[in-house]
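In what follows, chains are A, B, ... by sequence order, proteins preceding strands, each numbered from 1. Everything numeric in this text was worked out from a predicted model, so none of it was measured.
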Protein chains: 2
Amino acid sequence: MELFFQALGDQTRLRLLNLMGDQEICVCYFVEILQQGQPKISRHLAYLRRAGIVQARREGKWMHYRIVMPPNIGAAQVLRQTLDWLKDERAMQADRARLNKACCSPARFNALAGAPKPIPVGCTSDCGSTIEVN
Amino acid sequence: MELFFQALGDQTRLRLLNLMGDQEICVCYFVEILQQGQPKISRHLAYLRRAGIVQARREGKWMHYRIVMPPNIGAAQVLRQTLDWLKDERAMQADRARLNKACCSPARFNALAGAPKPIPVGCTSDCGSTIEVN
DNA sequence: TTTACTTATACGCATTGACGAATATATTGG
DNA sequence: CCAATATATTCGTCAATGCGTATAAGTAAA
């Protein structure tokens, strides 16, 4: 419980969770959208993974991250409320807007040229060689 | 938002919030129930106060703390959910049980001999010289 | 005003965590 | 195997935090 809230107590991690909201997203998208160094993004994703809040899936060179609801009822409810809260915040809305823009025309962002787009969760079209991590 | 979750990311502070749940409680009760040093309790209460999650009221020598709902809708909802979550946790239930016992017979706890009992929130029977703090 | 009592804060120390830079690991394609 | 790409981890540094001890601040009563 302590660990759970500690994981939410960081601006960068909240921004990451906000972007994942309801999609599975590639690390390179986080780096591009948040305009933060790649090691920093990876570290925070690892933190969230240790806290059991996100899961990773490898697809070739790319790693996709998505939110997983905690088995504990209380934790799941708090997490859901938190995600709703994020949607109300101006800065978070701006991040989501930038993600949508990048999603629609990845070519505009050099770094995202060949990267896989975010995938809405529940879309179980297995694209081939993907491996669940953690 | 970051500060809010950081405030919840500590075991002692979660125990304090659990005990306050729906009553206003005197510092000496926290010290007795949690069996922790008084400076430690005070420090964590100060942290919660800085985060805007609790308020203090002075009554003579005693300080009473109570939870205050954040003005932000999202924060309030998350806080409420969190308090409900606490009620489901074994360790937290044990703390509440000890509080009730101490409440019913403060005389049994030396340290609580003349201390004011917890007061259910909403009970606006102003007992005289009380000062809102913060 | 002196004393006792309750609570808050200052101090020193140890741990944790965040960061950038550099480097390691994993995968793909030549 | 080698090079290129994407991601993870390590390292050194610095700020934040938690703790116990000691002490300060506020209040009530003698």
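What separates CG of Leu45(A) from C1' of dA6(D) is a distance of 13 Å, to the nearest Å. dT7(D) atom P lies 9 Å from atom CZ of Arg58(A), rounded to whole Å. The distance from atom CE of Met63(A) to atom P of dT28(C) is 13 Å, rounded to the nearest whole Å. For the pair Ile41(B) CD1 and dG20(D) P, the computed distance is 10 Å after rounding to whole Å. Taking atom CG on Asp10(B) and atom P on dT16(C), their separation rounds to 14 Å, with Å as the unit. Going from atom CD1 of Ile25(A) over to atom P of dA6(D) covers 17 Å, rounded to whole Å. Taking atom NZ of Lys61(B) as the reference point, atom P of dT27(D) lies 12 Å away to the nearest angstrom. Here the C1' atom of nucleotide dG18(D) and the CG atom of Leu16(B) are 14 Å apart, to the nearest Å.
One finds the CD atom of Gln81(B) at 4.5 Å from the CD atom of Gln77(A) (value rounded to the nearest 0.5 Å). Taking CZ of Arg15(A) as the reference point, atom CZ of Phe30(A) lies at 11.5 Å (rounded to 0.5 Å). Distance check, rounded to the nearest 0.5 Å: CG of Leu34(A) to CZ of Arg98(A) gives 7.0 Å.
Checking dT17(D), dT27(C), dT7(C) against the side-chain heavy atoms of Tyr47(B) singles out dT17(D) as nearest.
Applying the side chain to side chain donor-acceptor pair (under 3.5 Å) rule to pairs touching residues 5-14 of chain B yields Arg13(B)-His44(B), sequence neighbours excluded.
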Write down the protein N/O and nucleotide N/O pairs, taken from nucleotides 9-15 of chain C, whose separation is under 3.5 Å; answer none if there are no such pairs.
| from | atom 1 | to | atom 2 | distance (Å) |
| --- | --- | --- | --- | --- |
| dA10(C) | N6 | Arg43(B) | NH1 | 3.4 |

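Checking Arg13(B) against Val27(A), the closest nucleotide of DNA chain D that is more toward the 5' end is the one next to Val27(A).
Under the 30°/60° scheme for interplanar angles, the aromatic rings of Trp85(A) and Phe5(B) are found to be tilted.
Gln55(B) is listed as a side-chain neighbour of Arg66(B), based on a closest heavy-atom distance under 4.5 Å.
Contact annotation: His44(A) reaches the phosphate of dC19(C) (side-chain N/O to OP1 or OP2, under 4.0 Å). For His64(B), no side-chain nitrogen or oxygen approaches OP1 or OP2 of dT7(C) to under 4.0 Å.
If you check every strand for non-hydrogen atoms under 4.0 Å, Tyr65(A) touches sugar and phosphate atoms only.
Few gaps surround CG on Leu3(A); more than 12 heavy atoms of other groups in view lie less than 6.0 Å from it.
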